[in-house]
Each structure stands twice: as C-alpha cells, then as structure tokens.
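The structure under discussion appears below in the form of structure tokens.
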Amino acid sequence: MSTDTDLEGDVFVSPRHLAAALCTGDPPIEALTDIGWDHQHDRLTNAFVTSPDRRVRLGYLPEWEDDGLWRISAYDDPFGKPVWGARFNRSCPTEIVTAFTRKLAELYEQGPDAYLAAPIPDHADRDPFFAVVPLLRGGWDLETNRWGVLAVQSRDKLAALELTTGTLDPDGELTTRDARWQLWAGKSIEAPAWYATASTDTPITLLRAVTECVADPTPLVRWREETYSYVQDLATITAVTPKRQRPPTPLDVRHAAARRPAPLPAVSVPRWSTTTSRPALTRH
C-alpha cells in the first residue's frame, strides 16, 4: 500500500488543502483491494470496488455525468438504500480520499458494527464534534454566527468544514451537495476549488480520518508542470530538494571495516610470473 511519502514530484504544496487531485486513482482503491475487495472496470474506465459482503461500494467515476469522481456508500441490506454515503469531487486531493478509504478498510475488518456506526452525540468517538477536533488543534477557527451551521475555517480563509444542523432530505444528501457534512477549499463555497460531502449517518471515525489528513501541516508533493494538481495563485509552491547524504562518521568507518571479510593468507594465493616454469603438458 502506498503512502503520501511514496509519491514523487518536484514541488511541495502548502497548505495541503490547496493541493488538488492526482492523475491516478490507485491509492484510494488499493486501500480496499489490499484487503480482498472486488475490483471491476467498465468499458469507459470507471472503476467499481465492492466489499466481500456486498454491503460497501466505491465508485471511481472519471467518465460520469457529474463531478462526483468518488462515490462511496454503505448498506445494511445490499439491496436496500444506502445507510450512508460520501462523495469527493474531481479536484479533491487524492490523499484525502485515501485517508477515508484506509480508515474504511480498518472499520470493515472490524465488522458492520464499525462501518455502519452512526454518530451519537456525547458518545466518545462517535460524537460529531470528534471530527472537528483535529482542525481546531491545527489552528482552524470555530464559527458560530450562522444559524443552522457549525463551521470551522482555516486561518487563510481558503478552506472550511461545515456541519449542517436540522432535518435534511436523505436522498438529497446522497445525490447533491446538500449533505450533513461539507468540506471545501477555495475562495467560496459556491465555486470551490474542490469539495467533499458526507451524509448524516457516516461514521464519525471516517470523517475524523479526513480532518486529520487535512489538518496535517506536512505539505503534499506535486509536479510543478501538472498545474491541475494544485490551486494556482493560492497555494505556496516550493522546490523539492534532494536529501543530502550524511558523511560517514569515524564510528561508521570502523563498523564498515569490521564487516569486511578477512584477507586470504599469502600462502594460499597462487602466483605466477614470467620466471615461473610452466607446467608440463600431459598427453592422453
């Protein structure tokens, strides 16, 4: 399974919420196929990944009719309506989607009680506020001046997580941006650089994995020429410099010398010179 540090590039993008999607969907998918999920493609290169019990599904849909590149949903009944659903649009940083699917793989291994665990207020790691904490610890600001919405905003005002209170349409949460949770980056929520949504009953530990990823101060690696992979004019771009190899210390030299094989004794080394008589040839 690949990690963020496995990715290659020539620039660092910071803050990471101003990065965008990579050209590959492999890392999020591998998090699930590595634990045995089924992986299929259609003739348009859309990918479909399904859990062995057929109760969790992921779609990677580059050729879909809207910008919902990633759609993930879970079912109590494989033939019923989704219990929860999450969507990440075409520009959402791939690392954020990967954080979600890695945590989903962990929850799936624990069973339905984990991957179908709906939020419960005031319940340890299932309280909705548990998902907000990593952003607050990362210096994001809590906003309470909007009725019906709890929001936290990044210091640069270029990213926000919004939790809508009140009653929402369950079907609309799965098919539109009118979902319980919306995370976005850019200058405005109306025209974001990227966004992700999650419905009311999405497990809080999955959302926490996403906010921990976003709050991580480590920049993301991209190629400068692949300008689609970061938000131009807003992100800070710095060149990746190769790590210099540390010169060996005297202790390193002694250890290396100790590991060398001992030289052969002089008497065991055959020698020949122009004055050495050549062995006689024996006829057979």
Side-chain angles (χ1 to χ4, degrees), residues 1-7 16-17 19 21-22 24-40 47-60 69-78 82-88 92-138 161 163 173-174 179-183 196-218 220:
M1 181 184 297
S2 63
T3 64
D4 293 353
T5 56
D6 294 332
L7 301 175
R16 57 170 46 200
H17 58 256
L22 299 168
T24 176
D26 290 344
I29 291 174
E30 288 172 354
L32 302 174
T33 56
D34 283 351
I35 63 169
W37 289 33
D38 181 61
H39 183 194
Q40 302 290 332
F48 306 92
V49 183
T50 309
S51 65
D53 65 0
R54 307 299 175 189
R55 295 168 72 176
V56 191
R57 303 168 193 166
L58 174 146
Y60 173 64
L69 180 63
W70 299 93
R71 295 178 186 271
I72 306 165
S73 52
Y75 304 76
D76 185 28
D77 176 355
V83 173
W84 60 260
R87 181 170 66 161
F88 303 84
C92 184
T94 308
E95 292 84 353
I96 293 177
V97 188
T98 305
F100 188 97
T101 59
R102 284 178 183 162
K103 180 57 67 172
L104 178 58
E106 292 179 21
L107 297 185
Y108 184 79
E109 298 281 74
Q110 298 171 29
D113 288 344
Y115 67 77
L116 296 177
I120 301 176
D122 301 321
H123 181 286
D125 59 354
R126 293 174 66 176
D127 188 302
F129 198 71
F130 184 66
V132 180
V133 171
L135 299 175
L136 295 177
R137 288 177 175 171
L161 173 68
L163 169 61
E173 285 196 80
L174 300 173
R180 182 71 60 194
W181 297 88
Q182 182 166 186
L183 175 66
T197 64
S199 67
T200 297
D201 288 334
T202 305
I204 293 302
T205 48
L206 289 174
L207 299 172
R208 171 89 177 209
V210 167
T211 56
E212 285 178 343
C213 178
V214 175
D216 188 337
T218 308
L220 296 178

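In this structure the side chain of Asp201 reaches within 4.5 angstrom of the side chain of Pro119, judged on heavy atoms. Using a 4.5 Å cut-off on side-chain heavy atoms (C-beta onward), Leu69 and Cys92 make no contact. In this structure, the side chains of Thr197 and Glu173 stay at 4.5 Å or more apart for every pair of heavy atoms. Looking at heavy atoms from C-beta onward, Val83 lies out of side-chain contact with Tyr115 at the 4.5 angstrom threshold. Between Trp181 and Ile204 the shortest side-chain heavy-atom distance falls below 4.5 Å.
The shortest heavy-atom contact between Ala179 and Ala198 is CB-O, 3.5 Å. Smallest separation of non-hydrogen atoms from Ala105 and Ala31: CB-O, 3.5 Å. Summarising the geometry of Ala99 relative to Cys213, their closest heavy-atom pair is CB-CB, 3.8 Å, with the distance given to 0.1 Å. In plain terms, the two heavy atoms of Glu30 and Thr33 that are nearest each other are CA-OG1, 3.3 Å. Shown here for Leu220 and Ala19, the closest heavy-atom pair between the two residues is CD1-CB, 3.8 Å. Heavy atoms only, all atoms of each residue included: Ala47 and His39 are closest at CB-NE2, 3.7 Å.
Asp122 CG: 12 or fewer foreign heavy atoms inside a 6.0 Å radius.
For the pair Glu212 and Arg208, the salt-bridge criterion is met [side-chain N within less than 4.0 Å of a carboxylate O].
Checking Pro82, Ser73, Pro112 one by one against Arg55, the side-chain contact (heavy atoms from CB on, under 4.5 Å) holds for a single residue, Pro112. Among Leu174, Ile72, Asp76, the one residue that satisfies the side-chain contact (heavy atoms from CB on, under 4.5 Å) test with Trp84 is Ile72.
Residues meeting the ring pair (Phe, Tyr, Trp, His ring centres under 6.0 Å) test with Phe130, sequence neighbours left out: none. Residues satisfying the ring pair (Phe, Tyr, Trp, His ring centres under 6.0 Å) criterion with His123, sequence neighbours excluded, are absent altogether. A search for salt bridge (Lys or Arg N to Asp or Glu O under 4.0 Å) contacts involving Arg57 returns nothing, not counting sequence neighbours.
Using modelled atom types, no side-chain atom of Thr211 and backbone atom of Pro134 make a donor-acceptor pair closer than 3.5 Å. The main-chain N or O of Ala215 is never found under 3.5 Å from a side-chain atom of Arg16 such that the two would form a donor-acceptor pair. Looking only at distances, a side-chain donor or acceptor of Ser199 sits under 3.5 Å from a matching main-chain atom of Gly85.
Distance OG1/Thr101 to CD1/Ile35: 9.5 Å, rounded to 0.5 Å. Taking OG of Ser51 as the reference point, atom CG of Leu104 lies at 8.5 Å (rounded to 0.5 Å). Of the inter-residue distances, the one linking Asp53 atom CG with Tyr108 atom OH reads 3.0 Å to the nearest 0.5 angstrom. Rounding to the nearest 0.5 Å gives a distance of 11.5 Å between CG of Leu107 and CG of Asp113. Atom CG of Leu207 is separated from atom CG of Leu161 by 8.0 Å, given to the nearest 0.5 angstrom. Atom OG1 in Thr205 sits 6.5 Å away from atom NZ in Lys103 (nearest 0.5 Å).
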Please test Phe129 against Leu136 for side chain to side chain contact (heavy atoms under 4.5 Å, CB included), starting from the C-alpha separation and ending with a verdict. CA-CA 10 Å; Phe129 198 71; Leu136 295 177; 3.5 Å; yes
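Between Tyr60 and Trp70, the angle of the ring planes lies from 30° to 60°, which puts this pair in the tilted group.
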